[in-house]
Amino acid sequence: MTLKIYNVLTRTKEEFKPLQPGKANIYVCGPTVYDYSHIGHAKTYVGFDVVVRYLRYLGYDVLYVQNITDVGHMLDTGEDRILKKARQLSAGPMQIVETYMREYFADMDALGVQRPDISPRASGHVPEQIEMVQTLIAKGNAYESEGSVYFDVTSFPEYGKLSGRVLEEQEEGSREAVRSEKRHPADFALWKKADPEHILRWPSPWSDGFPGWHVECSAMANKYLGTTFDIHGGGIDNIFPHNECEIAQSEAAHGETFARYWMLTGSLTLDGVKMSKSLGNTLTIKDALARWRPEAIRTFILSSHYGSPIDFSDEAIEAAYKGWQRMWGAVTLARQQLRTAVPGAANPDVIALLDKAKAQFIEKMNDDFNAPAALGVLQELTRQVNILLNEQGPHTNGTLTAVDNLYRELGGGVLGIIPDEADGGSSGSAEREDGLVQILIKLRAQARANRDWATSDAIRNQLKDLGVVLEDRADGTIWKTE
RNA sequence: GGCGACGUGGCCAAGUGGUAAGGCAGGGGUCUGCAAAACCCUCAUCACCGGUUCGAAUCCGGUCGUCGCCUCCA
């Protein structure tokens, strides 16, 4: 069974054959750090997080590069968005960049997104970008005009092959058309001469200025992954012009294929409407995390295919959360039973059940990282496990460990929705938390033995208010977090 | 207007030729001091029309509708 990837470049599902056997080099377009990250970023980067996790699970030696854009993004007004933010906050541009980059990583950490191996910043790679622009000029793919440099799209016949655009169709009505510096309306900037008030600037052979947005990805991907690499990812909204320009620059400069597989994620809408800064209907990751635990957000995101659009709503994430709770409840129960389980080998029937689920999970994930279907496999397994834990047993520690391990492996390691520990940062505090709850459970058991329902319910209700849920079972009371 | 994608039960969502995974919600049960959890039963013929085929949600054509991109955007 082999991994298949839907390649946007060919619009077909292809078997994944890396350039070098066993290695997977992947580049994903990262965020522009000038504000807090929103839930749309979460969809994209959780999506690729699972892609990378799964590739590693399959044994690939993955090199994951995701850039940080901290220069060169223009607003309609021609103003750099980072500079605009800096002016608003009376701060320096690099302070803004540093602040929001840290916030971005903090948000991703909170969501359980594993960090890229390399997070190169555009501002730190200006020489590489200048070098690439020089190459493109030397090869006749770019030209200087009044201190700026533009890519000549007519010099690259394949321009449009990713997005399906045809050059001629772009001319009409383009705002860019008014820029007389350019020979063709679709030509895009590789280097821009800076206006006097533009303080993010670097010296170059053409002017004091700054690199165009698209060239950073080409230059940095080339530096860290080479002229040709395996997978290029990003949000579908950047397919044109950004991704298209990346291809044009890189392939014109190097004369070789840029990325072999293109994986683009569907966009996220909020209550049916596209989130946009201008509309103001954004939901930041921080705000979302204040309302739902990270596993719920991840489960929601993974409940639709990475390439599909998804609509975020309270109802939708609530449904995902409740589904996750059932799975988490089963894992929690298995771990609780494991504490007092008798030593012994695993039940062969259970092992067979787990093996089957694992095989199905892998089959789904091999089919273009079909996380929603893989999630469905775990949901079905969970019903079987619940029957096992609730209606059969007691089980040996071998059986329970096997159950726990599968959830750790697939639900935790690959999907990132099953925590290793109950909760609370370090294992030390987790143990302390459990100890405290166990004391209360014993006190409540006393009250229940005395038929003192007022006390027993008070303990249960107050713990519930703290997010600790007690469940009375035939074999004792267990607890878990909401 | 151009390019691209999509339309599956009340909601979300898998499924690309052989008689519709899964989650949530709803109804009915079992269990329980109560509760919670869990489990069992129940709940769709796949926007519409036409075509190809022994057979289509799945392929082709058309209609209607939704969305993304075309300008910064993950």
Side-chain angles (χ1 to χ4, degrees), chain A residues 8 11 13 28-32 34 37-48 66 69 73-77 79-81 160 163-166 168-170 172-176 186 213 233-242 264-269 272-278 282 299-300 303-305 307-311 313 315-327 329-330 332-333 360 364 367 370-387 389-391 448 451-453 456-457 460-461 464 469-474 477-478 480:
Chain A
V8 178
R11 308 274 167 181
K13 216 178 269 184
V28 172
C29 288
T32 302
Y34 68 103
S37 300
H38 54 63
I39 198 73
H41 294 111
K43 170 172 164 42
T44 298
Y45 301 121
V46 166
F48 283 111
Q66 184 192 107
T69 296
H73 254 187
M74 297 300 116
L75 294 169
D76 281 353
T77 56
E79 188 176 23
D80 186 304
R81 58 203 336 165
S163 60
R165 312 268 163 167
V166 181
E168 286 67 31
E169 293 169 353
Q170 298 297 313
E172 205 71 32
S174 172
R175 175 185 296 116
E176 304 286 331
W213 171 34
I236 185 75
D237 48 340
N238 272 336
I239 189 171
F240 188 90
H242 183 62
L264 301 177
T265 57
S267 296
L268 179 145
T269 52
V273 184
K274 177 179 159 61
M275 275 195 296
S276 83
K277 300 267 158 58
S278 51
T282 55
T299 302
F300 164 72
S303 71
S304 84
H305 186 74
S308 301
I310 188 170
D311 184 53
S313 65
E315 295 76 14
I317 192 170
E318 205 61 39
Y321 172 47
K322 287 184 178 168
W324 172 82
Q325 276 186 310
R326 199 170 120 269
M327 193 184 301
T332 303
L333 184 54
Q360 289 176 331
K364 301 299 184 188
D367 184 13
N370 194 338
L375 204 51
V377 171
L378 291 187
Q379 294 282 16
E380 274 192 270
L381 172 68
T382 296
R383 185 158 36 79
Q384 301 296 328
V385 168
N386 271 323
I387 292 171
L389 300 178
N390 287 291
E391 296 172 14
R448 292 182 73 208
R451 305 186 70 78
D452 179 3
W453 310 129
S456 82
D457 288 351
R460 185 170 66 196
N461 291 337
K464 172 99 161 70
V469 181
L470 298 189
E471 290 174 15
D472 296 326
R473 301 168 48 78
T477 299
I478 64 167
K480 64 186 174 191

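Letters go in sequence order (proteins before strands), and every chain restarts at 1. Heavy atoms only: backbone and side chains are in, while hydrogens, waters and symmetry mates are out. What you are looking at is a predicted structure, and each value in this text was computed from that prediction instead of being measured.
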Query raised in the report: With both distances under 3.5 Å as the test, what is the Watson-Crick or G-U wobble partner of B:A57?
Result: none
Report summary line: Picking from B:C39, B:A14, B:A74, the nucleotide nearest the side-chain atoms of A:N386 would be B:C39
Query raised in the report: What distance, rounded to whole Å, do you find between the two C1' atoms, one in B:U19 and one in B:A5?
Result: 29 Å
Query raised in the report: A:L268 versus A:H38: any side-chain heavy-atom pair under 4.5 Å?
Result: no
**Report entry** Pairing partner (Watson-Crick or G-U wobble, both distances under 3.5 angstrom) of B:U45
**Finding:** none
**Report entry** Phosphate contact (B:A21 OP1 or OP2) by A:K364 side-chain N/O below 4.0 Å
**Finding:** no
Query raised in the report: So does A:K322 get a side-chain nitrogen or oxygen closer than 4.0 Å to the phosphate oxygens (OP1/OP2) of B:A25?
Result: yes
**Report entry** Between C1' of B:G22 and CG of A:N370, the distance in whole Å
**Finding:** 11 Å
Query raised in the report: Taking side chain as C-beta onward, heavy atoms only, is A:H242 less than 4.5 Å from A:I239?
Result: no
Query raised in the report: Has the side chain of A:R326 got a donor or acceptor atom that lies under 3.5 Å from a matching backbone atom of A:Q379?
Result: yes
Report task. Please round to the nearest 0.5 Å and tell me the distance separating atom OG1 of A:T265 and atom NE2 of A:H305. Result -> 10.5 Å
Report task. Send over the distance from A:L268 CG to B:U66 C1', rounded to a whole Å. Result -> 16 Å
Query raised in the report: Is any side-chain N or O of A:T32 closer than 4.0 Å to OP1 or OP2 of B:A74?
Result: yes
Report summary line: Mate of B:C31 across any strand shown (Watson-Crick or G-U wobble, both atom pairs under 3.5 Å) is none
Query raised in the report: Would you say A:S163 reaches B:G68's phosphate, i.e. side-chain N/O to OP1/OP2 under 4.0 Å?
Result: no
Query raised in the report: Given the C1' atoms of B:A20 and B:U16, what is the spacing between them in whole Å?
Result: 14 Å
Query raised in the report: Considering only the P atoms, how many Å lie between B:A44 and B:G9, rounded to the nearest integer?
Result: 12 Å
Query raised in the report: Are A:K364 and A:D367 close enough, and set up right, to give a salt bridge (Lys or Arg N to Asp or Glu O under 4.0 Å), and what steps lead you there?
Result: CA-CA 5 Å; A:K364 301 299 184 188; A:D367 184 13; over 6 Å; no
With the criterion being N/O to N/O and under 3.5 Å, what pairs connect the protein with nucleotides 31-35 of chain B, and how long is each?
unit_1, atom_1, unit_2, atom_2, d
B:G33, N7, A:R448, NH2, 3.2
B:G33, O6, A:R448, NE, 3.3
B:G33, O6, A:S456, OG, 3.4
B:G33, N1, A:D457, OD1, 3.1
B:G33, N2, A:D457, OD2, 3.0
B:C34, O2, A:R460, NH2, 2.7
B:C34, N3, A:R460, NH1, 3.0
B:C34, N3, A:R460, NH2, 3.3
B:C34, N4, A:D472, OD2, 3.0
B:A35, N6, A:D472, O, 3.1
B:A35, N1, A:D472, N, 3.2
B:A35, N3, A:R460, NH1, 2.8

**Report entry** Side chain of A:E380 - closest among B:C73, B:G23, B:G22
**Finding:** B:G22
Report task. Provide, to the nearest angstrom, the distance between the CG atom belonging to A:L375 and the P atom belonging to B:G22. Result -> 13 Å
Query raised in the report: Just how far, in rounded Å, is P of B:C73 from OH of A:Y45?
Result: 11 Å
Requested in this report: Go through B:C73, B:A37, B:G22 for me and flag the one nearest to the A:K480 side chain.
Outcome: B:A37
Report task. Give A:G329 one of three labels, base, sugar-phosphate or nothing, depending on what nucleic acid heavy atoms sit under 4.0 Å from its own. Result -> nothing
Query raised in the report: Can you tell me if the side-chain N/O atoms of A:R326 get under 4.0 Å from OP1 or OP2 in B:G23?
Result: yes
Report summary line: Between the OG atom in A:S303 and the CH2 atom in A:W324, the distance rounded to the nearest 0.5 Å is 15.0 Å
Query raised in the report: Expressed in whole Å, how much space separates the P atoms belonging to B:A57 and B:A21?
Result: 13 Å
Requested in this report: For A:H242 and B:G68, give me the distance from atom NE2 to atom P, rounded to whole Å.
Outcome: 21 Å
Query - Those residues that, when tested against A:K480, pass side chain to side chain donor-acceptor pair (under 3.5 Å) (two or more places apart) - result: A:E471
Query raised in the report: Taking the nucleotide of RNA chain B with the closest heavy atom to each, which residue, A:W324 or A:D367, is nearer the 5' end?
Result: A:D367
Query - Sugar-phosphate only, base, or nothing, as touched by A:G160 at under 4.0 Å among non-hydrogen atoms - result: nothing
Query - Whole-Å P distance, B:A14 and B:U32 - result: 40 Å
Query raised in the report: Which listed nucleotide (B:A14, B:C12, B:C69) is nearest to the side chain of A:S308?
Result: B:A14
Report task. For B:C54 versus B:C59, give the span between their C1' atoms, rounded off to a whole number of Å. Result -> 16 Å
Query raised in the report: With both distances kept under 3.5 Å, what pairs with B:U52, Watson-Crick or G-U wobble?
Result: none
Query raised in the report: Whole Å only: how far is the CG atom of A:L381 from the P atom of B:A38?
Result: 15 Å
Query - Whole-angstrom distance between B:G1 and B:U8, as gauged at atom P - result: 24 Å
Query - Whole-angstrom distance between B:C60 and B:G68, as gauged at atom P - result: 25 Å
Query raised in the report: Is there side-chain contact between A:R473 and A:L333, with heavy atoms separated by less than 4.5 Å?
Result: yes
Query - A:Y45 side chain reached by A:Q66 side chain, heavy atoms, under 4.5 Å - result: yes
Report summary line: Here the distance between atom C1' of B:C67 and atom CG of A:D311, to the nearest Å, is 10 Å
Report summary line: By nearest-heavy-atom nucleotide on RNA chain B, the more 5' of A:P31 and A:I387 is A:I387
Query raised in the report: Between B:G23 atom C1' and A:Y321 atom OH, what is the distance in whole Å?
Result: 15 Å
Query - Base-pairing mate for B:C69 - Watson-Crick or G-U, with both contacts under 3.5 Å - result: B:G2
Query raised in the report: Which of the following nucleotides, B:G23, B:C24, B:A14, is nearest to the side chain of A:Q379?
Result: B:G23
Query raised in the report: If we only count heavy atoms from C-beta on, is the A:M327 to A:T299 side-chain gap below 4.5 Å?
Result: no
Query - B:C39 base / A:R383 side chain donor-acceptor hit below 3.5 Å - result: no
